[in-house]
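Presented below is the structure to which this report refers.
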Amino acid sequence: MGTGYLLKQIRQQKIQTSDINCYFCRMQILDGKIVSQTVKNTIKEKTALLKSTGKKTPHLAAVLVGSDGASETYVASKVKNCEEIGFISTLIRLDASIEESLLIETIQKLNADDDVDGILVQLPLPGQISEEKIINLIHPNKDVDGFHPVSVGKMVQGLPTFLPATPYGILMMLEYYQVETKGKHAVVIGRSNIVGRPISILLNRNAYPGNCTVTVCHSHTRNLKDICLQADIIVAALGKPGFLTSDMVKEKAVVIDVGISRVPDATKKSGFTLKGDVDFIHVAPKCSFITPVPGGVGLMTIAALMTNTYNACVLKN
Ligand code: GUN
């Protein structure tokens with residue numbers, strides 16, 4: 001990774017010199033900026049090749065219901081990345097108060113539209129809409145989020161399919177930095193359908209990255225600290241800022257921080273700071289590898305989504 005990034009973190013967080021020595025001798029940042037850019041450059045080149053040979057341009061349709069600040073930011077970034085890569089994107093914005101039937105109709109239209117290769121409905125959805133119903137409605141061939149039961153079933157069986165973007169992005173990072181996973185004990189904190197559950201399955205598969213022994217922890221897990229202390233790899237995906245502290249991490253562990261919470265911060269123009277689930281400053285010195293927030297897994301989610309959209313287009317046409 002570029003040491004520039006680390007130096008910036010150190011400067012901003014006012015880390016002690018003794019910690020800096022520790023950082024430089026042992027720990028490597030899993031840098032989402034570098035890996036995501038590499039992945040996106042490849043997709044951009046492949047897309048240019050599609051176009052130059054008269055093939056169809058990948059087209060992602062994103063549906064945003066309501067105006068939640070974080071969802072707005074994520075969807076805007078997905079659309080911007082489509083443009084940068086050379087995809088077509090369509091953003092469909094619907095009011096937070098819409099009836100479920102309108103969203104169902106929207107998805108049916110996108111399923112039937114031959115020009116649309118991938119469909120993404122940004123989650124969470126407002127309470128009056130069943131996320132399960134909507135996810136189940138997206139045609140599996142256009143399910144670039146990998147949330148449809150057909151995609152999940154194929155993933156569990158190790159069959160080719162669209163992998164959910166955040167877990168897929170984590171795999172890309174582990175692969176890029178050649179992090180050893182075979183025979184390691186991975187502890188996943190969180191069991192959401194979006195991250196915790198799928199990454200636990202993917203780290204456990206007979207492949208690289210994979211072949212871990214996986215423990216999935218959640219809000220009812222007893223002795224969480226003891227379990228984490230046995231982990232070679234920890235994936236923190238519970239959405240509680242600073243939850244994973246240094247006393248929960250063994251020396252040379254690999255720590256993947258999936259959290260990206262908005263914490264109020266009056267000193268920031270936006271009024272918030274982005275915080276991960278890991279107490280980065282104190283955990284990092286113990287790690288062999290760690291992802292930062294921001295600049296880690298979040299960027300990989302987009303790179304993985306772009307990869308899925310490209311593949312959806314190529315498979316369909
Ligand atoms: N909300 C949080 N993460 C995701 C994601 O990966 N895809 C969608 N569609 N919504 C999300």
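Both ligands and their constituent atoms are indexed starting at 1 by order of listing.
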Can you tell me if NZ on Lys44 sees more than 12 non-hydrogen neighbours from other groups inside 6.0 Å? no
Give the residues near ligand 1 by chain and number, with the criterion being a heavy-atom distance under 4.0 Å. Lys78, Val121, Gln122, Leu123, Asp145, Phe147, Ile194
So, His282 versus Thr245: side-chain donor-acceptor pair below 3.5 Å or not? no
Salt bridge (Lys or Arg N to Asp or Glu O under 4.0 Å): which pairs involve residues 80-92, sequence neighbours left out? Lys80-Glu84
Glu251 meets the salt bridge (charged side-chain N to carboxylate O under 4.0 Å, His left out) criterion, sequence neighbours left out, with Arg26
With sequence neighbours excluded, residues passing salt bridge (charged side-chain N to carboxylate O under 4.0 Å, His left out) with Glu132: none
Member of Val152, Ile194, Asn136 meeting the side-chain contact (heavy atoms from CB on, under 4.5 Å) criterion with Phe147: Ile194
